[in-house]
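Here is how names work: the chains are called A, B, and so on, in the same order as the sequence lines, proteins then strands, and each is numbered from 1.
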Amino acid sequence: MKLNRHFYQKNTLEVAEELLGKNIVREQNNTYMKAVIVETEAYIGKDDTACHASKGLTQRTEVMFGEAGHAYVYFVYGMHYMLNIVTEETNFPAAVLIRAVEPIEGMEAMIKNRCLTGKSLTGKSLTGKSLTGKSLTGKSLTGKNLSNGPAKLCQALNINKSLNGWDLTLGKKLWIEENPSLPEFQIGNSPRIGIGYAEEKDRIAAWRFFIKHNPYVSRK
DNA sequence: GTGAGGATGCACT
DNA sequence: GTGCATCCTCACG
């Protein structure tokens, strides 16, 4: 059962926490990839200086100002995509960043995607990946290295700008499946990662959620 | 095991 | 021109 619009229209912190344990599903050329969400972060409104929307409505951020349940996919560091899910009501810019997932189905396709997307358009290797499922130094791209980070999971699931604005309630290409909620004691929280530019109140806000002891969580 | 540094393109002053 | 909601490799213990 895919999650409906109502699920995403709630308070962003609530959505971020409830997304833990849910399955993200990616359909690509009749191949299905499935993974459990194990780490999320909430970015909430113009007053949150870590949130891209704090600078107002721009071409980049307009999806966040739109209807809940759509994907906000953006590009950073010249090489990485990030997947967010828009929350709350229309015109209130907020989203949940998916930071890490644990693959449960279609892992071969994910490994292939990770190898392929690590290359530039000119075919030159950017990060030392070969097509053998290992990096050039022999480090495995399988196991937790497959999707224990926001850019990694986008590579594995082949999520890119073409999915920016995609409606996750359609149940096609990309959506989230219902799963039983996790017991409270399995959920940890902490400040968000990689937002040193934000104001202190936002840097210290514990708006990152993760499944305790799950090996796919990106950092302690 | 940890930490520095580079790769890289796009949105936005 | 600046600065990223990152990942990978290499050097060092």
Side-chain angles (χ1 to χ4, degrees), chain A residues 12-13 15-16 19 37 39-65 71-87 93-101 110-111 113-157 159-162 164-165 189-210 215-220:
Chain A
T12 308
L13 293 175
V15 177
L19 277 172
I37 297 170
E39 183 180 348
T40 61
E41 281 179 6
Y43 290 85
I44 312 175
K46 292 180 182 170
D47 293 336
D48 175 6
T49 58
C51 181
H52 292 163
S54 64
K55 298 191 177 99
L57 174 60
T58 65
Q59 196 167 19
R60 185 195 206 193
T61 59
E62 68 174 331
V63 175
M64 256 204 285
F65 286 79
Y72 168 44
V73 181
Y74 68 90
F75 190 71
V76 277
Y77 297 119
M79 43 200 320
H80 296 307
Y81 291 101
M82 303 280 140
L83 172 64
N84 300 248
I85 301 174
V86 177
T87 59
V96 174
L97 169 68
I98 310 299
R99 278 194 62 87
V101 300
M110 294 188 207
I111 292 167
N113 284 335
R114 285 272 283 141
C115 295
L116 292 174
T117 55
K119 304 217 161 218
S120 73
L121 295 176
T122 58
K124 188 175 72 174
S125 176
L126 295 174
T127 51
K129 294 188 192 72
S130 70
L131 291 173
T132 59
K134 292 188 175 183
S135 70
L136 294 178
T137 54
K139 189 172 170 185
S140 177
L141 283 175
T142 59
K144 70 177 186 181
N145 267 329
L146 195 51
S147 59
N148 63 336
K152 295 181 188 180
L153 75 90
C154 286
Q155 279 185 17
L157 299 177
I159 291 167
N160 53 51
K161 206 151 190 186
S162 71
N164 188 32
N189 64 284
S190 79
R192 293 170 289 180
I193 308 289
I195 54 161
Y197 58 87
E199 284 177 15
E200 189 179 5
K201 72 171 171 61
D202 298 319
R203 268 185 284 132
I204 63 178
W207 290 353
R208 169 176 178 247
F209 301 91
F210 53 90
Y216 286 83
V217 170
S218 65
R219 300 201 209 175
K220 282 182 194 164

How many whole angstroms separate atom [atom1] of [X] from atom [atom2] of [N]?
X	N	atom1	atom2	answer
Met79(A)	dT6(C)	CE	P	13 Å
Arg203(A)	dA5(C)	CZ	C1'	15 Å
Arg208(A)	dA5(C)	CZ	C1'	12 Å
Tyr197(A)	dT13(B)	OH	C1'	16 Å
Glu41(A)	dA5(C)	CD	P	11 Å
Glu62(A)	dA11(B)	CD	P	12 Å
Gln155(A)	dC8(C)	CD	P	7 Å
Tyr81(A)	dA5(C)	OH	P	16 Å

Shortest side-chain distance from Met82(A), nucleotide among dC10(B), dA5(C), dA7(B): dA5(C)
Nearest listed nucleotide, side chain of Lys161(A), among dA11(B), dC7(C), dA5(C): dA11(B)
CA sep, side-chain torsions, deciding dist, call: Asn113(A), Leu157(A), side chain to side chain contact (heavy atoms under 4.5 Å, CB included): CA-CA 7 Å; Asn113(A) 284 335; Leu157(A) 299 177; 5.9 Å; no
Any side-chain N or O of [X] below 4.0 angstrom from OP1/OP2 of [N]?
X	N	result
Tyr77(A)	dA5(C)	no
Arg99(A)	dT6(C)	yes
Lys152(A)	dA5(C)	no
Arg114(A)	dC8(C)	yes

Electrostatic pair Arg99(A):Glu41(A) at N-O distance under 4.0 angstrom: yes
Electrostatic pair Lys201(A)-Asp47(A), nearest N-O below 4.0 angstrom: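 Judged by the 4.0 Å cut-off on N to carboxylate O distance, Lys201(A) and Asp47(A) do not form a salt bridge.
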Full working for side chain to side chain contact (heavy atoms under 4.5 Å, CB included) between Asn164(A) and Tyr72(A): CA-CA 5 Å; Asn164(A) 188 32; Tyr72(A) 168 44; 3.8 Å; yes
Chi angles and distances behind the side chain to side chain contact (heavy atoms under 4.5 Å, CB included) call for Val96(A), Leu19(A): CA-CA 9 Å; Val96(A) 174; Leu19(A) 277 172; 3.9 Å; yes
Sugar-phosphate only, base, or nothing, as touched by Arg60(A) at under 4.0 Å among non-hydrogen atoms: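 Sugar-phosphate, backbone atoms only, no base.
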Sugar-phosphate only, base, or nothing, as touched by Leu97(A) at under 4.0 Å among non-hydrogen atoms: base
Of residues 44-55 of chain A, the positions that come close to DNA chain C - non-hydrogen atoms, cut-off under 4.0 Å: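 Under 4.0 Å from DNA chain C: Ala50(A), His52(A).
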Name of the residue among Arg114(A), Gln155(A), Lys152(A) meeting side chain to side chain contact (heavy atoms under 4.5 Å, CB included) with Leu146(A):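 Going through Arg114(A), Gln155(A), Lys152(A) one by one, the side chain to side chain contact (heavy atoms under 4.5 Å, CB included) with Leu146(A) is satisfied by Arg114(A) alone.
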Leu13(A) side chain near Phe209(A) side chain, heavy-atom distance below 4.5 Å: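 Leu13(A) reaches Phe209(A) side chain to side chain.
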Centroid-centroid distance, His52(A) to Tyr74(A), less than 6.0 Å: yes
Which atom of Ala50(A) lies closest to which atom of Tyr197(A), heavy atoms considered: O-OH, 3.0 Å
Identified stems (criterion: three or more consecutive Watson-Crick or G-U pairs, under 3.5 Å), DNA chain B: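 Stem list for DNA chain B: B:1-7 with C:6-12, B:9-12 with C:1-4.
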Donor-acceptor pair present, Tyr74(A) side chain and dA11(B) base, under 3.5 Å: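 By the distance-only test, no, there is no pair.
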Test item: side-chain donor near acceptor, Asp202(A) and Thr49(A), under 3.5 Å: yes
